[in-house]
Protein chains: 2
Amino acid sequence: MRKDAVHNRERLLRAARSLFADRGLDVPLEEIARTAGVSIGTLYNRFPTRQALVEAVFEDRTATVARLAEEALTADDAWEGFVAFLTGVCELQAADLGYNDVAVRGAAGGDPAGGYSLMRRIVDRAHASGQLRADVTLEDMAFVTWGIAATVRATFRVAPGAWRRHLALTLDGLRASSASQTRPLPAPPLTREQTALLMPECG
Amino acid sequence: MRKDAVHNRERLLRAARSLFADRGLDVPLEEIARTAGVSIGTLYNRFPTRQALVEAVFEDRTATVARLAEEALTADDAWEGFVAFLTGVCELQAADLGYNDVAVRGAAGGDPAGGYSLMRRIVDRAHASGQLRADVTLEDMAFVTWGIAATVRATFRVAPGAWRRHLALTLDGLRASSASQTRPLPAPPLTREQTALLMPECG
DNA sequence: AACGAAGGTGAGGCGCCTCTCAGGTTACGG
DNA sequence: CCGTAACCTGAGAGGCGCCTCACCTTCGTT
């Protein structure tokens, strides 16, 4: 690739990163090109589809999630690791409206550097320590993601940080002590296949 | 109003109700008119803005919510009433993608027939019975709404009913027994003003 | 029956966004 | 320094959805 092409690619990524973060994934491509100081044609040269641009912009996030997961596994307490991981992921969503969209729409593509199997280990460890309720599965983590993402979107202008309250309430519902002993949960967990369909990046 | 106008108005409402339910609030107005067998001009005659149409379509829902709230207040057990109310509201969202949008975007306009003060009574009653955790407020109900709505949207094609599992987990987090005694929640509840801003129909 | 007002119609203007392509420009190996 | 392949450009075609308005039809009243 010629070096001016590389240069333009980077300018486009910088512009897209910033606009996606502020306004979500639906920013007009023309605006991204203009912000990057490049023509719309160049944008299409570098990124033939919007999807390609989105994937390039959020490529680093998958590594970040993997790092969060690894840190969580080294936490002294399994539950604290579990909480730290989910908090970290939600912080990413709160800091970047574009990534928030990615999380909700499953638009990232590609497995997050083995994030899925790391997450499984976090969940297993929290189960083993007896602090995560036994009837909760890895697939239920999607509920946390979707729920907190929605609260972030609803409140980020008016009450940034409010999602932390929602997350705390959600996490309390996942503690072993919160299980409603009387009756089982009213629906089965999502299957692995369903999760793969809904969040391709976790397949 | 002339009777052909009334007739067309009803055809438009029927078409909009059906399309909104299946595809959400962003259906093209032209398509609604076409489905109703009426011209786009007529749609604009009856409903000068999209907002007006949406409000007319979902007018009945506010009464439904009020009815749910009243039923909840007559339940033998305060907690069961509380759960029944939230379940009912979520069922409305799960049954109609348009109403789901309304709930998330706060696009309904108008107080739901005093639904807000009824909800307050449901929450107060659940507090009084000692079953709803004390550090949860009426405003926190918005988290439930947003969260379940998001899960409904994500799963309704692939796993309809999965939201019930999410709701059950969420509700378990709201039980008094789930309060993490050690530390307070990490963020204050939304203020009444913030809630009014975010969900105008609850102002 | 006749008339005025209310209502219906749909082509077309507008704005927004996506995507293409013919023509001009630049990098870089030889 | 030259030639060519890679690259950049931006006008414009095309699609979509919103909304208006001049013209015609129908209702309902007298």
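Chain naming here is simple, since letters A, B, ... match the order of the sequence lines and numbering starts at 1 in each.
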- Query: Can you tell me how far C1' of D:dC7 sits from CG of A:Leu43, to the nearest Å?
  - Reply: 14 Å

- Message: Quick one: does any side-chain atom of A:Arg50 pair with a main-chain N or O of A:Leu25 as donor and acceptor, under 3.5 Å?
- Response: yes

- Phosphate OP1/OP2 of C:dT9: any B:Thr42 side-chain N/O under 4.0 Å: yes

- In Å, rounded to the nearest 0.5 Å, how long is the span from CD of A:Glu71 to CZ of A:Arg67? 5.0 Å

- In whole angstrom, what separates A:Arg23's CZ from C:dC17's C1'? 13 Å

- Query: Can you check the B:Glu31 CD to D:dC18 P distance for me, whole Å?
  - Reply: 10 Å

Would you list the protein and nucleotides 12-14 of chain D atom pairs, both N or O, that sit under 3.5 Å from each other?
none

- Among D:dC18, C:dG7, C:dG10, the one nearest any side-chain atom of B:Arg46 is C:dG7

- Message: To check you understand the geometry: which heavy-atom pair defines the closest contact between B:Leu185 and B:Arg133, and what is its length?
- Response: CD2-NH2, 3.7 Å

- Item | Euclidean distance, atom CZ of residue B:Arg34 to atom C1' of C:dT9 [Å, nearest integer] | 15 Å

- Query: Taking CZ from B:Phe47 and C1' from D:dC18, how many angstroms apart are they, rounded to a whole number?
  - Reply: 17 Å

- Check the distance between D:dG17's P and B:Tyr44's OH and give it to me in whole angstrom. 12 Å

- Would you give a per-nucleotide map of nucleotides 21-30 of chain D, 5' to 3', where B means the base has a protein non-hydrogen atom under 4.0 Å away, S means only the sugar-phosphate does, and - means neither? -----BSS--

- How many Å lie between CG on A:Leu19 and P on C:dC17, as a whole number? 12 Å

- Query: So what does A:Arg9 hit on the nucleic acid, given a heavy-atom distance under 4.0 Å: a base, only sugar-phosphate, or nothing?
  - Reply: nothing

- Once you round it to whole Å, what is the distance between P of D:dG10 and CG of A:Asn8? 12 Å

